[in-house]
Protein chains: 2
Amino acid sequence: MDPVHDRLTDDTSNCPIALTLEVVGEKWTLLILRETLYGVARFDDFQRILGCASNLLAARLALLVEHGVLSVEQYQEPGQRPRPQYVLTEKGAALMPVITALQLWGDRYRPDPKGQVAVVKHRDCGAEVQLSLHCAKGHEIHGAAEAEITRGPGARRKA
Amino acid sequence: MDPVHDRLTDDTSNCPIALTLEVVGEKWTLLILRETLYGVARFDDFQRILGCASNLLAARLALLVEHGVLSVEQYQEPGQRPRPQYVLTEKGAALMPVITALQLWGDRYRPDPKGQVAVVKHRDCGAEVQLSLHCAKGHEIHGAAEAEITRGPGARRKA
DNA sequence: CGGCATCCTTAGGGATACTG
DNA sequence: CAGTATCCCTAAGGATGCCG
């Protein structure tokens, strides 16, 4: 193979960030997931709260289910007919740091004129949730400068 | 105003997550930021590595500069003509947890067949960077179940 | 080298209407 | 209530070419 053609026609294919964005990168997806963290589970509620088109919502939910981020469960209130509800899987719940990171950044750097809209709190003690980076040995990392990203074994050559 | 019309024509306007996504939610934006964390700073390098169209790249960079996430600096190597370079501002560096969260999730749940492409390490000790959620009082939060999101004072009624 | 201008094409997404 | 199905339309994005 000509090394010149060793181009990245598709960087997406080997970057974990891009791979993640494939799942949650579309406009409404993270907002849907945010709502699931609030406890929203029903189609109707998603739509009303988010105000997005039903076809879109259906498509996103299906995608998330397909990716194993959400699962559909049937539930039935006594006397009612059964309804589907969407709940986070473990894989989906693991996206919480992403949501939280986005939220904390937004709170800090794009404050809403109307005041804080949502707060993430520890269920037990009620204190606000924070997020920290630290290394495997326990050292806290305060900023980008204290870390470095190195291309691992799977990375493309060249740069 | 008719309460019925108290609809969220634009939920975007008061959700910190949506506000953040306004800045970094587009397809290439986070990948550009990822590269800045790698130390990439020049137009040419971004384009070659990401493989995206130059007009797009220019537009994204301009947007990020406009939002104060990146700043443009002129630098000049001796004997060379001056060139602009794009560097993270403090505001931009604060997005690192977002990037890291996405990356860690991708590594864990969407492993690349070719092996890990990139690793984030603590500059001092070389150990891998991790991310944790904890509350203001120091309690570690292990999953979404231990936290709850509550709509704050600025939130819309109804739901 | 670091862009902006232009053209073109498509995919994403909003609105609306219909169905089990 | 929980979606499908359709239509339309804009904006995002790729390709290409030009300019300081």
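Every chain is numbered from 1, with letters handed out A, B, ... down the list of sequences.
- Note: CG (A/Leu57) to C1' (D/dT4) measures 13 Å, nearest angstrom.
- In this structure, the CH2 atom of B/Trp28 is 17 Å from the C1' atom of D/dA11, given to the nearest Å.
- Listed for the A/Thr36 side chain is no donor-acceptor partner under 3.5 Å among the backbone atoms of A/Leu88.
- Residue-to-nucleotide proximity on DNA chain D shows that, of A/Ala59 and A/Arg42, the 5′-proximal contact is made by A/Arg42.
- Residue B/Asn55 is in base contact, counting any heavy-atom pair closer than 4.0 Å across all strands shown.
- Note on ring orientation: taking the six-membered ring where Trp is involved, the planes of B/Tyr86 and B/Phe46 are perpendicular (angle over 60°, cut-offs 30° and 60°).
- With hydrogens and angles ignored, the 3.5 Å screen pairs a side-chain donor or acceptor of B/Thr100 with a backbone N or O of B/Met96.
- In this model, the phosphate group of D/dG3 is not approached by any side-chain N or O of A/Arg83 to a distance below 4.0 Å at OP1 or OP2.
- In this structure, A/Leu56 atom CG and D/dT4 atom P are separated by 13 Å, rounded to whole Å.
- With rounding to whole Å, B/Arg60 atom CZ is found 9 Å from D/dG13 atom C1'.
- Rounded to an integer number of Å, the gap from B/Ile32 CD1 to D/dG13 C1' is 13 Å.
- Reading DNA chain C from its 5' end, the first and the last nucleotide to sit under 4.0 Å from a heavy atom of chain B are C/dC1 to C/dT6.
- Using modelled atom types, no side-chain atom of A/Arg42 and backbone atom of A/Gln85 make a donor-acceptor pair closer than 3.5 Å.
- Salt bridge annotation for B/Arg123-A/Glu148: present, with a cationic side-chain nitrogen under 4.0 angstrom from a carboxylate oxygen.
- A donor-acceptor pair is defined here as one N or O able to donate and one able to accept, closer than 3.5 Å; such a pair exists between the side chain of B/Thr20 and the backbone of A/Leu102.
- The main-chain N or O of A/Cys135 is never found under 3.5 Å from a side-chain atom of B/Lys121 such that the two would form a donor-acceptor pair.
- Under 4.0 angstrom from either OP1 or OP2 of D/dG3 there lies at least one side-chain N or O belonging to A/Tyr86.
- Between the CZ atom of A/Arg81 and the C1' atom of D/dG3 there is a distance of 11 Å, rounded to whole Å.
- Atoms CD (A/Gln47) and P (D/dG3) sit 11 Å apart, rounded to a whole Å.
- Checking A/Glu35, A/Glu66, A/Glu26 one by one against A/Arg60, the salt bridge (charged side-chain N to carboxylate O under 4.0 Å, His left out) holds for a single residue, A/Glu26.
- Between the side chain of A/Ser71 and the main chain of A/Thr89, no donor-acceptor pair closer than 3.5 Å is present.
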Check your understanding: Pairing of DNA chain C as dot-bracket, 5' to 3': ( ) intra-strand, [ ] crossing, | other strand, . unpaired, with Watson-Crick or G-U pairs under 3.5 Å?
Key -> .|||||||||||||||||||
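- To the nearest angstrom, P of D/dA12 lies 12 Å from CD of B/Glu22.
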